[in-house]
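See structure below.
The basis for the numbers below is simple: all heavy atoms, side chains too, and nothing from hydrogens, waters or symmetry mates.
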Amino acid sequence: MTADSLSTTFAALADPTRRAILARLASGEAGVTELAEPFQMSLPAISKHIKVLERAGLIARGREAQWRPCRLETARLQEVEGWLDRYRQFWDQRLQRLDDYLIQLQVSAEASHGHETE
């Protein structure tokens, strides 16, 4: 994933309306009117959100006669997940070292406390 596509994807995901649209599309295709239902905004405003998601590669639009259903495209989300996974591994390792250190402190404290009672 290039830096530009990563920036475009995160910019698209930064908006809560667009995240809600993606969440809805996770359950199946939907038209613009259906996607607009839960929001108090105009169809042109929803269409702008859809275009941002489409440019980011997060959704695709089909064509079935007059209906142009939107569908979730998971490849870009999988790329983001791969990028984030490197950082998840880093933090998992750091947290594991912290956990090991805390266990070592606890064992030392218990050992010291045991000597005091003798």
Side-chain angles (χ1 to χ4, degrees):
M1 177 170 235
T2 66
D4 282 344
S5 63
L6 187 63
S7 295
T8 302
T9 301
F10 279 122
L13 293 172
D15 185 274
T17 300
R18 292 193 285 265
R19 290 192 305 270
I21 290 170
L22 291 176
R24 165 52 190 88
L25 291 175
S27 64
E29 292 184 350
V32 175
T33 305
E34 186 180 348
L35 292 172
E37 286 173 3
F39 306 104
Q40 293 186 355
M41 59 179 70
S42 67
L43 285 178
I46 290 294
S47 291
K48 286 181 182 181
H49 284 295
I50 289 170
K51 286 177 185 169
V52 170
L53 291 169
E54 201 171 11
R55 278 194 301 272
L58 295 166
I59 67 169
R61 296 186 72 178
R63 185 179 290 274
E64 296 176 22
Q66 297 295 340
W67 192 52
R68 296 209 44 198
C70 298
R71 70 178 178 280
L72 187 64
E73 290 289 320
T74 59
R76 186 61 52 96
L77 291 172
Q78 290 170 342
E79 290 173 1
V80 169
E81 181 183 26
W83 183 84
L84 289 171
D85 194 48
R86 290 181 294 184
Y87 297 95
R88 183 180 309 120
Q89 290 173 6
F90 167 78
W91 283 108
D92 284 347
Q93 291 170 358
R94 302 276 308 242
L95 290 172
Q96 184 59 53
R97 286 198 309 260
L98 177 60
D99 193 41
D100 293 343
Y101 177 70
L102 293 174
I103 290 170
Q104 183 182 26
L105 286 177
Q106 185 177 10
V107 167
S108 295
E110 289 172 358
S112 296
H113 184 66
H115 290 299
E116 291 175 5
T117 58
E118 292 177 5

Quick one: closest heavy-atom pair of [X] and [Y], and the distance?
X     : Y     : value
Ala56 : Arg76 : O-NH1, 2.8 Å
Arg19 : Ala14 : NH1-O, 3.0 Å
Leu72 : Ala26 : CD2-CA, 3.9 Å

Q) Quick one: side chain to side chain contact (heavy atoms under 4.5 Å, CB included) partners of Arg94, sequence neighbours excluded? A)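 Counting only residues at least two positions away or on another chain, Arg94 forms a side chain to side chain contact (heavy atoms under 4.5 Å, CB included) with Phe90, Trp91, Arg97.
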Q: Sort out for me which residue in Thr8, Leu53, Ile21, Thr74 forms a side-chain contact (heavy atoms from CB on, under 4.5 Å) with Leu58.
A: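 Testing each of Thr8, Leu53, Ile21, Thr74 against Leu58, the sole residue satisfying side-chain contact (heavy atoms from CB on, under 4.5 Å) is Leu53.
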Report all side-chain donor-acceptor pairs from residues 99-107 shorter than 3.5 Å, counting only partners two or more places apart or in another chain.
| from | atom 1 | to | atom 2 | distance (Å) |
| --- | --- | --- | --- | --- |
| Asp100 | OD1 | Gln96 | NE2 | 2.8 |

Q.
Counting only heavy atoms from other residues, nucleotides and ligands, does the tally under 6.0 Å from CZ of Arg63 exceed 12?
A.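 For Arg63, atom CZ is not crowded (no more than 12 foreign heavy atoms under 6.0 Å).
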Q. For Arg71, what residues pass the salt bridge (Lys or Arg N to Asp or Glu O under 4.0 Å) criterion, not counting sequence neighbours?
A.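 Per chain and number, Arg71 pairs via salt bridge (Lys or Arg N to Asp or Glu O under 4.0 Å) with Glu73.
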Q | Qualifying side-chain hydrogen bond (donor to acceptor under 3.5 Å, both in side chains) pairs, either residue in residues 25-39, two or more places apart | A |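 Qualifying pairs: Arg24-Ser27, Arg24-Glu34.
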Can you give each donor-acceptor pair under 3.5 Å made by side-chain atoms of residues 43-52, sequence neighbours left out, with the distance rounded to 0.1 Å?
| from | atom 1 | to | atom 2 | distance (Å) |
| --- | --- | --- | --- | --- |
| Ser47 | OG | Leu43 | O | 3.0 |
| His49 | ND1 | Arg18 | NH1 | 3.1 |

Q | Intermediate values then yes/no, side-chain contact (heavy atoms from CB on, under 4.5 Å), Met41 and Thr17 | A | CA-CA 10 Å; Met41 59 179 70; Thr17 300; 3.9 Å; yes
**Q.** Residue list, side-chain hydrogen bond (donor to acceptor under 3.5 Å, both in side chains) with Gln89, at least two apart or on another chain
**A.**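 If we apply the side-chain hydrogen bond (donor to acceptor under 3.5 Å, both in side chains) test to Gln89, skipping adjacent residues, the hits are Asp85.
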